[in-house]
Structures are given as C-alpha cells and as structure tokens.
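Below is one structure, written out as structure tokens; comments come after it.
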Amino acid sequence: MTAPIRVAVTGAAGQIGYSLLFRIASGQVFGPDQPVILHLVEIPPAMSALDGVEMELDDCAFPTLAGVVKADSDHLEDGFADCNYVLCVGSVPRGKGMERSDLIRINGPIFTSTGQAISSAAASDVRVLVVGNPCNTNCLIAMNNAPNVPNDRWYAMTMLDQNRAISQLAQKSGQPVSEVTNMTIWGNHSATQYPDFYNAKIDGKPATEVITDEAWLQGEFISTVQKRGAAIIQARGASSAASAANGIIDTVKAIANPTAAGATFSAAVCSDGSYGVDEGLISSFPLTSDGKNWSIVQGQSHNEFAQAKIDATVAELKEERDTVKDLLK
Ligand SMILES: NC(=O)C1=CN([C@@H]2O[C@H](COP(=O)(O)OP(=O)(O)OC[C@H]3O[C@@H](n4cnc5c(N)ncnc54)[C@H](O)[C@@H]3O)[C@@H](O)[C@H]2O)C=CC1
Ligand SMILES: O=C([O-])CC(=O)C(=O)O
C-alpha cells in the first residue's frame with residue numbers, strides 16, 4: 001500500500017480553497033493510485049465554515065482521500081505536521097483599485113509564523129508554494145523564517161500568469177493552447193512581471209515568427225497579462241479563484257514530475273544570481289524539474305527591450321524586500 005502524501009492548504013475555507021481541495025482529493029494532482037491526507041488550516045472564526053468543507057469532502061467519497069486534518073492558525077504546527085507540500089493560500093485578497101503590494105503589511109506578518117511552523121513541523125522533504133499576495137515577498141518572508149527548510153524548497157506562484165499568457169498567444173495566433181510552449185514569466189507576480197514572448201514558441205517556431213505584430217506583443221499582450229488579475233476583480237467583484245486553483249495544481253504537477261525534454265515552466269524561486277537577478281530574491285524564471293529538484297534554464301538571450309522589463313520587475317522585488325526588512329531574519 002502506497003504511503004499517503006500529506007498536503008497542507010492554508011486559507012482552506014476561502015474561495016481558492018473551495019476550487020482547489022476537491023481537485024487534490026480526487027487524485028487529479030498526484031494520480032489515482034496515490035492516497036492524499038489533506039491538512040486544512042484556517043483562522044479561528046473560519047473553522048465552522050471549514051467543518052462544512054470537510055463534510056463536503058466526505059460526501060464526495062474520493063477513493064484517494066485518505067484523511068483530513070484540521071487546524072486553526074493558532075496551532076500551525078499541528079496543521080503542518082509531517083506535510084510534504086504546504087500550499088500557502090491563506091491571506092487577504094486585494095479589492096478593486098489596489099495593487100498586490102498594497103497587501104504587504106497586512107499579509108506579510110502571516111508568513112513569519114507560517115515559515116517558523118513549517119520549519120519545525122513539516123516533513124524533511126517539504127515543498128512550499130506561496131499563493132497569498134504579494135506572493136513573491138510573502139514567500140521570501142516565510143523562507144527567511146524557516147531555518148530548517150533549504151532555500152530550494154520555496155516557490156511563489158506565477159503559473160497563473162504563464163497560463164494567461166499562453167491563452168492570449170493561442171487566441172492571437174489561432175493555434176490551440178497546447179501549441180504554445182516555453183512561455184516564461186520573469187520576476188514578480190505583479191503588474192511589472194515580464195511574460196517573455198521572445199523565447200516562447202508556437203507550433204515549435206519562435207512566437208514572433210507566428211505573430212509578426214511585435215507592437216501588439218510588446219504592448220497589449222504584456223499589459224493584458226500584467227493586469228489580468230485586476231480585470232477579473234473589476235469584472236467579478238472578487239479575485240480569480242478557479243483559475244488560481246488550477247495554477248496551483250499545474251505548479252505542483254510541474255514540480256513533482258520530470259519536465260518533458262525541451263519544455264519549461266514558470267515559478268518564482270530563490271535566485272542563485274542567474275541572469276543577474278539578485279541572489280536570495282524570490283523571482284520567477286524558466287525552470288525544469290527532475291521530479292525532485294528544479295533548475296533554472298540557462299542560456300536564454302534577452303534583447304534590450306526584454307532586459308529593461310526584467311530589470312524593472314527585479315527592482316520592484318528589491319523594493320518589496322526592503323519594505324519587509326523587519327520580517328526577514
Ligand atoms: N499568486 C497568484 O497567482 C494568486 C494569488 N491570489 C491570492 O491568494 C490569496 C487568497 O485568495 P482567496 O482564496 O480568493 O481569498 P479568500 O478571502 O476567499 O480566502 C482566504 C482565506 O484565507 C483565510 N486566512 C486569512 N488569514 C489566514 C491565516 N493567517 N492563516 C490561515 N488562513 C487565513 C481566510 O479566513 C480566508 O478563508 C489572496 O492573497 C489572493 O490575492 C489569488 C489569485 C492568484
Ligand atoms: O489579482 C489579484 O489580486 C489576484 C491574483 O493574484 C491574480 O488573479 O493573479
């Protein structure tokens with residue numbers, strides 16, 4: 001009998017949680033033969049709502065769901081005990097007219113105790129994906145408060161941005177989304193992120209050979225991807241949830257499985273100084289995984305336009321890091 005994987009989800013009674021838990025429990029992430037124990041973490045006032053979510057998980061009778069553990073945020077170590085994955089969703093979402101960085105002093109402090117509890121209680125192979133915004137800098141805070149967890153286990157989510165960019169290129173070119181590959185998001189999950197269409201491919205060819213309207217690529221394409229989260233908040237009155245949950249699932253699968261030859265995926269990881277990105281920043285790169293460890297894809301070239309975009313998003317990450325200096329150990 002295969003040993004279960006333990007997956008913690010914070011903010012489990014929130015809107016992303018509601019789109020995420022059932023997909024993990026159903027076997028969509030780790031496969032039909034891999035039992036999963038879900039650890040659901042919420043703030044004390046949301047524990048009653050969480051009871052309801054647990055009842056619904058029970059009522060699905062998923063064969064792959066091997067158990068549910070619930071913990072409140074005053075008992076984080078119970079929540080993260082022996083977990084192999086911790087998905088940090090719990091935090092306040094932004095509203096209309098806000099930037100994600102406006103949340104930094106509201107959500108940042110959540111990630112000091114989160115990092116400490118992961119460090120003392122999680123499994124020795126734990127991998128942590130931070131989703132709560134501003135996710136790169138929250139990840140930086142948690143990583144810096146987790147002395148027992150190596151820096152290469154920390155990820156902040158830019159997969160949703162990657163998927164948005166793929167979808168825009170597919171629509172513009174009239175190709176199926178499956179034909180758009182090597183689409184990397186660089187830098188911060190914010191309005192400065194750089195979706196690198198120059199190194200992306202459509203139908204195996206450089207995207208710029210298939211979409212020859214470079215003004216559209218440099219202008220409308222980038223800004224649509226950068227501002228998509230805000231557009232969804234404007235339209236829905238709430239931030240993206242189902243697509244965010246889908247991004248989480250795509251990220252965990254990308255981390256946990258070897259990347260196909262020639263393919264890449266985007267996530268923000270602790271920079272080793274590659275491409276001139278300051279060491280220690282949580283910045284998004286083109287990655288591959290061997291199923292356990294990631295590597296930054298080396299050797300991509302960036303023209304002046306692209307380099308300026310990367311410099312701008314990295315500069316913003318440095319500013320955010322300086323804003324939370326007091327929360328970094
Ligand atoms: N990185 C990305 O691509 C994306 C990030 N997000 C971010 O994800 C976060 C969650 O979004 P939603 O689920 O829509 O929000 P939500 O408000 O529906 O749910 C958040 C949940 O977190 C809980 N929570 C708050 N503080 C907590 C703590 N200290 N410990 C545990 N739980 C806590 C709340 O009680 C709530 O149930 C937001 O910060 C949002 O901006 C959303 C979409 C995409
Ligand atoms: O825009 C937001 O605040 C939520 C989010 O991160 C996204 O949809 O990418």
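Counting starts at 1 for both ligands and their atoms, in listed order.
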Q. Heavy atoms, side chains only, cut-off 4.5 Å: are V130 and M157 in contact?
A. no
Worksheet entry | A241 touching ligand 1 at heavy-atom level, < 4.0 angstrom | no
*Say whether S73, considering both its backbone and side-chain N or O atoms, lies within less than 3.5 Å of an N or O atom on ligand 1.*
no
For ligand 2 and S240, I'd like to know whether there is a polar contact (N/O to N/O, distance under 3.5 Å).
yes
Examine V89 and V36 and state if one hydrophobic cluster contains both, with Ile, Leu, Val, Met, Phe, Trp and Tyr joined whenever side-chain heavy atoms are less than 4.5 Å apart.
-> yes
shortest atom 1 (O) of ligand 2-to-protein heavy-atom contact is with R94 NH2, 2.7 Å
Counting heavy atoms under 4.0 Å, the part of Q15 that contacts ligand 1 is both
Regarding ligand 1, does V131 bring an N or O atom to under 3.5 Å of one of the ligand's N or O atoms? yes
(message) Tell me whether K309 forms a cation-pi arrangement with W186, defined as NZ or CZ under 6.0 Å from the six-membered ring centre and within 45 degrees of its axis.
(response) no
Checking heavy atoms under 4.0 Å, the part of N133 that sits near ligand 1 is both
**Item:** Short side-chain donor-acceptor distance under 3.5 Å, T259 and T288
**Value:** no
re atom 19 (O) of ligand 1, the protein heavy-atom contact at minimum distance is G14 CA, 3.2 Å
Atoms of ligand 2 under 4.0 Å from any heavy atom of G229, numbered from 1 in the order shown, are 1 (O), 7 (C), 8 (O)
N/O of S240 under 3.5 Å from N/O of ligand 1, yes or no?
-> no
Is the side chain of Q34 donor-acceptor paired with the backbone N or O of A3 at a distance under 3.5 Å, no angle test?
yes
Does any donor atom in the side chain of Q218 or Y198 lie under 3.5 Å from an acceptor atom in the other side chain? yes
Can we say D102 and R94 salt-bridge, meaning some charged N sits less than 4.0 Å from an Asp/Glu carboxylate O?
no
Counting heavy atoms under 4.0 Å, the part of L160 that contacts ligand 1 is side chain
For atom 17 (O) of ligand 1, the closest protein heavy atom turns out to be P93 CD, 3.4 Å
_Shared hydrophobic cluster, V86 / M159 (ILVMFWY, side-chain heavy atoms < 4.5 Å)_ = no
Atom 2 (C) of ligand 1: closest protein heavy atom, distance to 0.1 Å, is H189 NE2, 3.2 Å
Restricting to heavy atoms, the pick from N107, I43, V9, L103 nearest atom 33 (C) of ligand 1 would be I43
Exercise for review: Using distance alone, determine whether R94 and ligand 1 share an N or O pair under 3.5 Å.
Suggested key: no
Open item on the list: Using a 3.5 Å cut-off on N or O atoms only, is T10 in polar contact with ligand 1?
Closed with: no
Check: T224/Q168 side-chain N/O donor and acceptor closer than 3.5 Å: no
Side chains of E56 and Y18: closer than 4.5 Å at any heavy-atom pair?
yes
So, K292 and D152, do they make that salt bridge, N to O below 4.0 Å?
-> no
The atoms of ligand 1 lying under 4.0 Å from a heavy atom of G11, numbered in the order shown, are 21 (C), 22 (O), 23 (C), 31 (C), 32 (N)
- Query: Salt bridge between D322 and K325, side-chain N to carboxylate O under 4.0 Å?
  - Reply: no
Within 4.0 Å of some non-hydrogen atom of C135, the atoms of ligand 1 are 1 (N)
Compute the ring centroids of Y85 and F30, then answer whether they are less than 6.0 Å apart.
yes
Is there at least one pair of N or O atoms, one from G17 and one from ligand 1, spaced under 3.5 Å apart? no
Donor-acceptor pair, distance only, cut-off 3.5 Å: does the side chain of D82 make one with the backbone of A122? no
A student checking ligand 1 against I110 at a 4.0 Å heavy-atom cut-off should list atoms 26 (N), 29 (N)
**Prompt:** Side chains of N246 and R23: do they bring a donor and an acceptor to under 3.5 Å?
**Reply:** yes
Q.
Regarding ligand 2, does D161 bring an N or O atom to under 3.5 Å of one of the ligand's N or O atoms?
A. no
* To do: Could you verify whether a donor N or O on one side chain and an acceptor N or O on the other, from S167 and R228, lie under 3.5 Å apart?
  => no
The answer for which part of R164 has a heavy atom under 4.0 Å from ligand 2 is side chain
Does a donor on one side chain and an acceptor on the other come within less than 3.5 Å for E320 and N188? yes
Does R228 come within less than 4.0 Å of ligand 2, judged by its heavy atoms?
no
min-distance protein heavy atom vs atom 37 (O) of ligand 1 -> E42 OE2, 2.5 Å
To the nearest 0.5 Å, atom CZ of R127 lies from atom OG of S289 at 7.5 Å
Near S239 (heavy-atom distance under 4.0 Å), the atoms of ligand 2 are 4 (C)
Nearest non-hydrogen protein atom to atom 39 (O) of ligand 1, with distance, is S91 OG, 2.9 Å
Looking only at protein heavy atoms, what sits closest to atom 6 (O) of ligand 2 is H189 NE2, 2.6 Å
Using distance alone, decide if ligand 1 has a nitrogen or oxygen within less than 3.5 Å of any nitrogen or oxygen in V92. yes
So the atoms of ligand 1 within less than 4.0 Å of a heavy atom of A13 turn out to be 37 (O)
The protein heavy atom nearest to atom 10 (C) of ligand 1 is V89 O, 3.3 Å
Of all protein heavy atoms, the one nearest atom 11 (O) of ligand 1 is I16 CD1, 3.5 Å
Query raised in the report: Any side-chain donor paired with an acceptor under 3.5 Å for T158 and Q193?
Result: no
A student checking ligand 1 against A244 at a 4.0 Å heavy-atom cut-off should list atoms 43 (C), 44 (C)
inquiry  = Between ligand 2 and N133, can you find any atom pair, the residue atom being a heavy atom, that is separated by under 4.0 Å?
reply    = yes
